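Step one of this worksheet: look at the structure below.
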Amino acid sequence: MQGRNENLIPDNMNNYISTFFGLEGKVVLLTGAGGHLVGALSRAAGKAGMKVVCCDIKIENAEATALQINEEGGTAIACQLDVRVPGDFSKALQLTLENFGNLDCVLNGAGGNAPTPFFDISLEEWNSILQVQLTGTMLSCQVFGRYHVEKGKGSIINISSASAGPPLSKAFAYSVAKSGVKNLTQNIARDWGTKGVRVNALRPGFFPTEWSMKNFITPEREAAILGHTPMKRYGKPEELIGAVLWLFSDAAAFVTGAEIEVDGGFTAMTI
């Protein structure tokens with residue numbers, strides 16, 4: 001059988017898909033855009049025709065992602081943003097409006113983790129992980145969400161985790177924080193349900209980075225993870241793109257307060 005030739009797809013079908021899922025010209029801001037997963041999502045947003053604001057605590061990482069988007073024909077700017085600093089969100093919003101005049105979508109993807117045994121967790125480490133994962137998400141929703149509510153439209157995606165519940169081992173503070181992100185997402189979605197602003201959570205399964213492979217995943221742990229994943233493999237960053245672009249688009253107009261699982265079946269697995 002020959003491959004499908006998109007030139008044979010009727011124009012009305014192309015127009016339907018573009019209208020239904022189209023993101024051309026929309027403005028999106030992503031925190032953690034210099035990272036492994038959010039970097040890939042930022043580049044995907046650029047390829048989808050969105051104007052992208054790449055935010056990261058390390059400006060050089062944000063600039064690297066923005067440069068990749070621009071070199072691929074997209075439109076992007078970089079912004080230094082520490083999610084632990086409330087004022088950084090207001091500065092990022094101002095920069096976004098100065099450059100693009102609008103903000104349609106937000107993805108809160110800044111993160112942090114540690115494999116510290118429970119009895120060895122310091123208060124500093126505990127507070128740091130909760131600050132980045134949970135408090136940073138709350139502050140982002142406050143600042144950017146207020147803008148969306150006043151405008152009467154917007155889409156926010158928070159990053160949950162397979163560890164949001166039941167919690168995964170070796171990630172105590174992280175699991176607590178991600179459980180909070182899920183609850184926060186549902187609370188805000190309920191509150192803003194009639195205000196035109198949708199708030200959802202993306203629940204990735206295992207998409208290991210080089211750091212997590214070194215610090216979290218032993219051969220025994222890998223066997224347990226893949227044994228609990230029906231697809232028997234890890235996820236690839238690009239496999240999160242479809243869910244994210246869908247949640248940003250008007251095709252998800254009746255989707256709010258949801259936690260969308262992209263985990264190879266991990267959540268569905270028991271014995």
Side-chain angles (χ1 to χ4, degrees), residues 22-111 132-133 135-159 181 185 188 196-202 237-238 240-241 243-250 252:
L23 295 168
E24 187 79 29
K26 288 192 174 185
V27 181
V28 61
L29 182 150
L30 306 95
T31 69
H36 180 63
L37 292 183
V38 185
L41 297 175
S42 301
R43 293 188 292 272
K47 290 177 181 178
M50 303 184 82
K51 298 174 182 177
V52 186
V53 184
C54 302
C55 298
D56 201 277
I57 189 172
K58 296 181 179 179
I59 185 62
E60 63 272 20
N61 292 350
E63 289 173 340
T65 300
L67 178 61
Q68 290 175 320
I69 294 170
N70 290 321
E71 287 179 341
E72 292 173 351
T75 302
I77 60 172
C79 176
Q80 194 279 330
L81 191 157
D82 184 341
V83 297
R84 299 168 297 182
V85 179
D88 278 12
F89 292 99
S90 298
K91 293 177 183 177
L93 178 58
Q94 181 179 356
L95 180 69
T96 301
L97 297 180
E98 287 174 355
N99 281 269
F100 299 132
N102 192 21
L103 177 61
D104 299 288
C105 306
V106 172
L107 184 140
N108 292 310
V132 172
Q133 295 282 5
T135 306
T137 299
M138 182 275 292
L139 292 171
S140 176
C141 290
Q142 275 191 331
V143 174
F144 303 133
R146 183 185 297 274
Y147 172 82
H148 285 151
V149 167
E150 291 176 350
K151 188 176 71 167
K153 188 172 184 181
S155 175
I156 296 174
I157 301 175
N158 298 324
I159 303 297
V181 167
T185 299
I188 298 173
V197 183
R198 299 183 293 105
V199 188
N200 294 289
L202 184 70
E238 58 268 24
L240 292 171
I241 291 171
V244 168
L245 297 185
W246 167 62
L247 288 173
F248 281 155
S249 77
D250 290 340

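FYI, side chains are in, hydrogens and waters are out, and symmetry mates aren't considered; it's all heavy atoms of this structure. Worth saying up front: this structure is predicted, and the values here are computed from it rather than measured.
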When rounded to the nearest 0.5 angstrom, what distance separates [atom1] in [X] from [atom2] in [Y]?
X: Ile157; Y: Cys105; atom1: CD1; atom2: SG; result: 7.5 Å
X: Met138; Y: Ile188; atom1: CE; atom2: CD1; result: 9.0 Å
X: Asn200; Y: Arg198; atom1: CG; atom2: CZ; result: 6.0 Å
X: Leu81; Y: Leu30; atom1: CG; atom2: CG; result: 11.5 Å
X: Ser249; Y: Met50; atom1: OG; atom2: CE; result: 9.5 Å

The criterion is side chain to side chain donor-acceptor pair (under 3.5 Å); which residues satisfy it with [X], sequence neighbours excluded?
X: Asp88; value: none
X: Asn99; value: none
X: Asn108; value: Ser140, Asn158

Do [X] and [Y] have side-chain heavy atoms sitting under 4.5 Å apart?
X: Lys151; Y: Val197; result: no
X: Leu103; Y: Leu29; result: yes
X: Thr31; Y: Leu107; result: no
X: Leu139; Y: Thr137; result: no
X: Lys26; Y: Leu23; result: yes

query: Salt bridge between Lys58 and Asp56, side-chain N to carboxylate O under 4.0 Å?
result: no
Of the non-hydrogen atoms in [X] and [Y], which two are nearest, and what is the gap between them?
X: Asp104; Y: Val27; answer: OD2-N, 2.7 Å
X: Gly111; Y: Gln133; answer: CA-NE2, 3.4 Å
X: Gly145; Y: Ile156; answer: CA-CD1, 4.0 Å
X: Asn102; Y: Tyr147; answer: OD1-OH, 3.0 Å
X: Ala92; Y: Cys55; answer: CB-SG, 4.4 Å

Just distance, no hydrogens or angles: give the donor-acceptor pairs under 3.5 Å from side chains in residues 32-42, sequence neighbours left out.
unit_1: Ser42; atom_1: OG; unit_2: Val38; atom_2: O; d: 2.7

Which residues share a ring-ring contact (aromatic ring centres under 6.0 Å, His included) with Phe144, sequence neighbours left out: Phe89
query: For Leu202 and Val244, what are the C-alpha separation, side-chain angles and deciding distance, and is it a side chain to side chain contact (heavy atoms under 4.5 Å, CB included)?
result: CA-CA 8 Å; Leu202 184 70; Val244 168; 3.8 Å; yes
message: I'd like to know whether Lys153 forms a salt bridge (Lys or Arg N to Asp or Glu O under 4.0 Å) with Asp250, so could you lay out the CA-CA distance, the side-chain angles of the two residues, the decisive distance to 0.1 Å, and finally the verdict.
response: CA-CA 11 Å; Lys153 188 172 184 181; Asp250 290 340; 3.5 Å; yes
task: Provide the full list of side chain to side chain donor-acceptor pair (under 3.5 Å) pairs with a residue in residues 59-79, sequence neighbours left out, each pair given once.
output: Arg43-Gln68
- prompt: Applying the side chain to side chain contact (heavy atoms under 4.5 Å, CB included) test to Cys54, which of Ile69, Ile77, Leu67, Val28 qualifies?
  reply: Ile69
